[in-house]
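If you're wondering where the values come from, they're calculated on a predicted model, not measured in any experiment.
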Amino acid sequence: MAAGDYIDIEVAYGHRQRQVVVSLRVPVGSSARAAIRMAQAVESLLCVDLEQVPIGVFGKRCSLETRLVDGDRLEIYRELAADPRQLRRRRTKRRVIGRG
C-alpha cells in the first residue's frame, strides 16, 4: 500500500486505573472493530468484549462497522461506577439534613 492508503487515528479507553490512548496508522476504510482489535494487540489493557461495550467517535455513538477517517478518535466507553444523578441527589440530601 502507498502512504496515502493509510489514515492516522486514536483509540481511547478510560480504564479504572488510567486512561489508555493508542495512536494507530490503519488502512483507509478500516472499521471501528478492526481498529479496536489492532489497538488490543498493542495495549493489553484494552481487554473489552466488543459486542458488549458502547463505542463512539469524538463522543458520538457509532457501530463496530463504522468506517473511520483520518484524525478520528475512537472511544471505548465503560459503565460508570455510580450514576451521577444519584450521587448529586445524595449530596444534596446530606447538605439539607446537615443544616437542621
Peer 1: Indicate yes or no: at least one non-hydrogen side-chain atom of Val22 is less than 4.5 angstrom from one of Gln40.
Peer 2: no

Peer 1: Any donor and acceptor pair, going by atom type alone, linking the side chain of Asp8 with main-chain N or O of Asp70 inside 3.5 Å?
Peer 2: no

Peer 1: Measure the spacing between CD of Glu75 and CD of Gln19 and express it to the nearest 0.5 Å.
Peer 2: 9.0 Å

Peer 1: Could you tell me which non-hydrogen atom of Ala35 sits nearest to which non-hydrogen atom of Leu24, and how far apart they are?
Peer 2: O-CD1, 3.5 Å

Peer 1: Identify the residue among Val21, Ile9, Val11 that makes a side chain to side chain contact (heavy atoms under 4.5 Å, CB included) with Arg73.
Peer 2: Val21

Peer 1: Going hydrophobic residue to hydrophobic residue with side-chain gaps under 4.5 angstrom, can you get from Val26 over to Val69?
Peer 2: no

Peer 1: Using the salt bridge (Lys or Arg N to Asp or Glu O under 4.0 Å) criterion, which residues pair with Arg37? Sequence neighbours excluded.
Peer 2: none

Peer 1: Can you find a pair of side-chain heavy atoms, one from Asp72 and one from Ile7, that are under 4.5 Å apart?
Peer 2: no

Peer 1: Please round to the nearest 0.5 Å and tell me the distance separating atom CD1 of Ile76 and atom CD1 of Ile36.
Peer 2: 4.5 Å

Peer 1: Are the side chain of Arg67 and the backbone N or O of Gly29 linked by a donor-acceptor pair below 3.5 Å?
Peer 2: yes

Peer 1: Run the side-chain donor-acceptor check on residues 52-61: report pairs under 3.5 Å with partners two or more places apart or on a different chain.
Peer 2:
none

Peer 1: Given the rule that I, L, V, M, F, W and Y join up when any side-chain heavy atoms are under 4.5 Å apart, are Leu68 and Tyr77 in one cluster?
Peer 2: no

